[in-house]
Number of protein chains: 2
Amino acid sequence: MDKTPRLREQACFALYTASRAVIGLYRPMLDKLGLTYPQFLVLMALWETDGLTVTALGDTLQLDSGTVSPLLKRLEAAGFVERRRGDGSGDERRVTVHLTEAGAALESRGCEVTQVVGGASGMSYEDLVALRDKLTEFTESIRTRETND
Amino acid sequence: MDKTPRLREQACFALYTASRAVIGLYRPMLDKLGLTYPQFLVLMALWETDGLTVTALGDTLQLDSGTVSPLLKRLEAAGFVERRRGDGSGDERRVTVHLTEAGAALESRGCEVTQVVGGASGMSYEDLVALRDKLTEFTESIRTRETND
DNA sequence: CACAACTTAGTTGTGCGCAATCAAGTTGTG
DNA sequence: CACAACTTGATTGCGCACAACTAAGTTGTG
């Protein structure tokens, strides 16, 4: 029984490293669009459903307001999105996030990026799908156990 | 052909989310040891091989000096590690990192944490090993393609 | 020896990520 | 209506990550 866990044997470390590696793979391509990876995720969410509230965006990306608010501030400053308070709902607390023309225009180039990254991953489509499903299962499983101490 | 990639379908997003979720699972336990996850990784590397240089630590954790240097500064301030310049090698550029007594003493409690997290992941040992290997393969594959533009 | 090229750590600046806190707005209950 | 509980988004503070740069030390070449 080797009680000392080796770094290389830890699935969590592999996860941590892999995550940073993919983002690093995206980086040079996203740089050309003037985006960071989290900013790109926001746009992907909006390309799918424009006009999400800040909370809905946070739920989608699994990020809290302390991350999303400044993220949107930068995206707004860059001219990719626009925030509107009390948009139609009559609830003045709600802020909806909308793509600008520039933000919407990035969609096709953005999709290209995901294609290229998928190809550069060195894995087949089937493998990627299997990995994604395994990871999603993993995350769900963790979230349900989050109350642990 | 749906050209617009959905966030939920992206393996990269699943990776990004899963990574943060595991670290979140570690957080409350590591808080009790006074450590963050990256700091815990440094200690794991040192429990395995004490006296690594800053560069060797960076290679092990796949982090550059801009991340490792301040990380070690905080770990040193917390009394878990100690840095020594030109340690024996006669090369005054090299800084080796050594566990203090307090740092070494955390090992058994640290190992416990990895056990608990492994259990709380909701996956079998075999599944975790398979996932880890898939992720390692993924990362390696990406690193070899990093010269892409 | 001279000196350019390189290696090693560290610093600076920007952008996440998250806990904690806050202010403004809304809702439920009496 | 009054007012406590809640929701929504923003702010603050700290610790990563990483690019770009710097300073100090080492090595290879003539």
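Just so we're on the same page: letters track the sequence lines, and every chain starts at 1. Note: hydrogens, waters and symmetry copies are ignored here, and every other heavy atom, side chains too, is used.
Between B:L52 and B:V97, the closest side-chain pair of non-hydrogen atoms is not below 4.5 Å. Counting only heavy atoms from C-beta outward, the side chains of A:K134 and B:M123 approach each other to under 4.5 Å. You'll find the side chain of A:T53 stays beyond 4.5 Å of the side chain of A:V95, heavy atoms only. No side-chain heavy atom of B:L135 sits under 4.5 Å from any side-chain heavy atom of A:T17.
Distance, A:R85 CZ to C:dA24 P: 11 Å, rounded to whole Å. The CG atom of B:L61 sits 15 Å away from the C1' atom of D:dG15 (whole-angstrom rounding). In this entry the distance linking CG of B:D64 with P of D:dC21 reads 14 Å, nearest Å. Atoms CZ (A:R83) and C1' (D:dT11) sit 12 Å apart, rounded to a whole Å. D:dC16 atom P lies 17 Å from atom CD1 of A:I23, rounded to whole Å. The CG atom of B:L41 sits 13 Å away from the C1' atom of D:dA17 (whole-angstrom rounding). One can place CG of B:L63 at 16 Å from P of D:dG15, the figure rounded to the nearest angstrom. Per the geometry, CZ belonging to B:R20 stands 14 Å off C1' belonging to D:dA17, to the nearest Å.
A salt bridge links A:R83 with A:E76: the distance from a Lys NZ or Arg NE/NH1/NH2 to an Asp or Glu carboxylate oxygen falls below 4.0 Å. Between A:R94 and A:E92, no side-chain nitrogen of the basic residue sits less than 4.0 Å from a carboxylate oxygen of the acidic one, so the salt-bridge criterion is not met. Taking 4.0 Å as the cut-off between side-chain N and carboxylate O, A:R109 and A:E107 do not count as a salt-bridged pair.
Relative ring orientation between B:W47 and B:F40 is described as perpendicular, the plane-to-plane angle rising above 60° on a 0-90° scale split at 30° and 60°.
Residue A:R94 has a polar side-chain atom (N or O) positioned under 4.0 Å from OP1 or OP2 of D:dT8. Note on A:Q62: every side-chain N or O is 4.0 Å or more away from OP1 and OP2 of C:dG17. Between A:Y16 and the phosphate of D:dA17, there is a side-chain N or O to OP1/OP2 separation shorter than 4.0 Å. Applying the 4.0 Å criterion to OP1 and OP2 of D:dC16, one finds that B:Q39 has a side-chain N or O inside that range.
Nucleic acid contact for B:G90: sugar-phosphate only, since backbone atoms but no base atoms lie under 4.0 Å from a heavy atom of the residue. Within 4.0 Å of B:L71, counting heavy atoms only, lie sugar-phosphate atoms of the nucleic acid but no base atom.
Take the nearest nucleotide of DNA chain D for A:D91 and for A:P70: the residue whose nucleotide is more 5' is A:D91. Heavy-atom distances to DNA chain D give each of A:R27 and A:T67 a nearest nucleotide, and the one nearer the 5′ end belongs to A:T67.
Listed in residue order, the members of residues 72-82 of chain A having a heavy atom less than 4.0 Å from DNA chain C are A:R74.
Among the nucleotides C:dC18, C:dT11, D:dC16, the one closest to any side-chain atom of B:T36 is D:dC16.
Remark: B:Y16 engages A:Y37 in a ring pair (Phe, Tyr, Trp, His ring centres under 6.0 Å) (not counting sequence neighbours).
Side-chain contact of B:T96 with B:H98: a donor-acceptor pair under 3.5 Å is present, judged by distance alone.
Contact of B:R93 with C:dT7 (side chain to base): a donor-acceptor pair of N or O atoms is detected under 3.5 Å.
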**Asked** When Watson-Crick pairs (N1 to N3 and N6-O4 or O6-N4) and G-U wobble pairs (N1-O2 and O6-N3) count only below 3.5 Å on both distances, what is the dot-bracket string of DNA chain C, with | for other-strand pairs?
**Response** ||||||||||||||||||||||||||||||

